[in-house]
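Since the model is a prediction, treat every value here as computed from it, not as a measurement.
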Amino acid sequence: MDLQYIATAPGGTHYLGTDPYGRDVLAELLAGAFGILTISLPAALLATTIGVALGIGAGFWGNHGVRHQLTDWLSLAIPFCAWLVTGSVVPTAVAAAVGGGSCWVARQIGTQLRVSLPLADAVVALMLLLNSVPRMILLLAISSVWVQGPLSLIILLALTGWPGTARIARAEALRTVSLPFVESARAVGLSNWRILIKHILLPAWPVLRSLFPLNLSLCLTLQTTLSFLGLGVSVDTADWGRLLASSRLEPGAWWLIAFPGGVLAATILALRFGFASPPNR
């Protein structure tokens, strides 16, 4: 920060100028790039992982492929519902203990009821639910009351960004699961997990891996937009969106729009058209 050079045009010791607070624009761009590596990159990786796992699982197992005892589902559902209602660790741990104890008692008395998980319907319903609301509006509504740091922002971006990947992963799984070599693998007695990984996931991997740069560009756009609006990361954290927002204090400072906007546009275009090239089949 250099208070002698407040909103100074590019030149001299500040090659890209300074913002209204006397901070060097080039240094803020570099620091903002580090923020992208610590927020948008993990969020995109997590969103892609969740989307691939749910999409491949829904396409492979459908509504009747996952069968477990009712007590197993209850041991998972009880603590999850407690976490949704309270959002605290202690009630969730108590609910997990109660659910686990109830399941143990049920097994001791011989309850062996097996129930199928409608995985495909559940995944499709979640995708429709998340896609029914524009993602930016959903992020604004949640981040205004919930986001309290980088970790919560990563989780929010990931939990709202997986449906697109899941839709494509489910389509690839449905296309592959009916092919003859998958039926042959079932006939020779291969396990479901081996079929899923070797014969479903690996053939679809060239398509699925190209989705990660697209998710990263979308997370980067959303993170920058939230920062521009004053949400997301803390005020003292360097971010390209906050650098763009500082131009409102100096409307004539063109460099506060040109340089951050140019870097942001170049990064998004490189991710979308450079790294996310269509796979060769």
Side-chain angles (χ1 to χ4, degrees), residues 40-70 72-77 80 114-135 138 154-220 222 271-281:
S40 292
L41 184 61
L45 182 61
L46 184 58
T48 304
T49 303
I50 295 174
V52 169
L54 292 179
I56 291 291
F60 179 72
W61 278 299
N63 289 323
H64 305 286
V66 182
R67 293 180 59 86
H68 285 283
Q69 295 183 13
L70 180 61
D72 295 335
W73 297 125
L74 291 177
S75 65
L76 295 175
F80 179 72
R114 298 180 66 87
V115 180
S116 298
L117 175 66
L119 182 60
D121 288 346
V123 171
V124 172
L126 285 175
M127 289 192 296
L128 293 176
L129 179 63
L130 291 175
N131 290 330
S132 62
V133 181
R135 190 178 179 189
L138 184 62
I154 291 172
I155 296 175
L156 178 60
L157 291 174
L159 292 182
T160 58
W162 61 267
T165 303
R167 182 174 61 252
I168 297 177
R170 178 173 175 268
E172 286 292 317
L174 290 175
R175 181 188 63 83
T176 310
V177 74
S178 59
L179 295 179
F181 66 87
V182 177
E183 297 296 333
S184 300
R186 294 181 189 274
V188 297
L190 295 182
S191 65
N192 285 334
W193 285 106
R194 185 173 180 180
I195 297 174
L196 178 65
I197 295 175
K198 187 175 182 180
H199 299 289
I200 303 295
L201 182 59
L202 290 183
W205 183 246
V207 175
L208 298 178
R209 69 181 179 184
S210 65
L211 299 176
F212 173 71
L214 300 178
N215 289 333
L216 180 56
S217 66
L218 184 57
C219 289
L220 171 59
L222 294 173
L271 289 172
R272 286 188 171 271
F273 300 104
F275 295 99
S277 57
N280 296 322
R281 287 196 169 186

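Residues Pro163 and Gly161 share a closest heavy-atom pair of CD-C, 3.4 Å. Residue Ala158 comes nearest to Ala43 through the heavy atom pair CB-O, 3.8 Å, listed as atom of the first residue, atom of the second, then distance. When all heavy atoms of Arg167 and Met127 are compared, the closest pair comes out as N-SD, 3.6 Å. Nearest heavy atoms, Gly51 versus Ala169: O-CB, 4.0 Å. The shortest non-hydrogen separation linking Trp61 to Asn192 is NE1-ND2, 4.1 Å. Across Gly59 and Ala173, no two heavy atoms sit closer than the pair CA-CB, 3.8 Å.
Of the inter-residue distances, the one linking Ile154 atom CD1 with Leu46 atom CG reads 8.5 Å to the nearest 0.5 angstrom. Note: Leu218 CG to Leu157 CG = 8.5 Å, rounded to the nearest 0.5 Å. Rounding to the nearest 0.5 Å places CD1 of Ile195 at 12.5 Å from OG1 of Thr176. With values rounded to the nearest 0.5 angstrom, Trp162 atom CH2 is found 4.5 Å from Leu126 atom CG.
In terms of the side-chain hydrogen bond (donor to acceptor under 3.5 Å, both in side chains) criterion, residue partners of Arg135 (sequence neighbours excluded) are, by chain and number, Thr160. In this structure Asp121 satisfies the side-chain hydrogen bond (donor to acceptor under 3.5 Å, both in side chains) test together with Asn63, sequence neighbours excluded.
In this structure, the side chains of Arg170 and Ile56 stay at 4.5 Å or more apart for every pair of heavy atoms. Residues Val177 and Arg186 are in side-chain contact: their nearest non-hydrogen atoms beyond the backbone lie under 4.5 Å apart.
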- request: Evaluate side chain to side chain contact (heavy atoms under 4.5 Å, CB included) for Leu159 paired with Ile50, printing each intermediate quantity in order.
  value: CA-CA 8 Å; Leu159 292 182; Ile50 295 174; 4.2 Å; yes
field: Trace of the side chain to side chain contact (heavy atoms under 4.5 Å, CB included) decision for Leu41 with Leu45
entry: CA-CA 6 Å; Leu41 184 61; Leu45 182 61; 5.8 Å; no
Using atom types as modelled, flag every donor-acceptor pair under 3.5 Å from a side chain in residues 196-207 to any protein atom, sequence neighbours excluded.
none

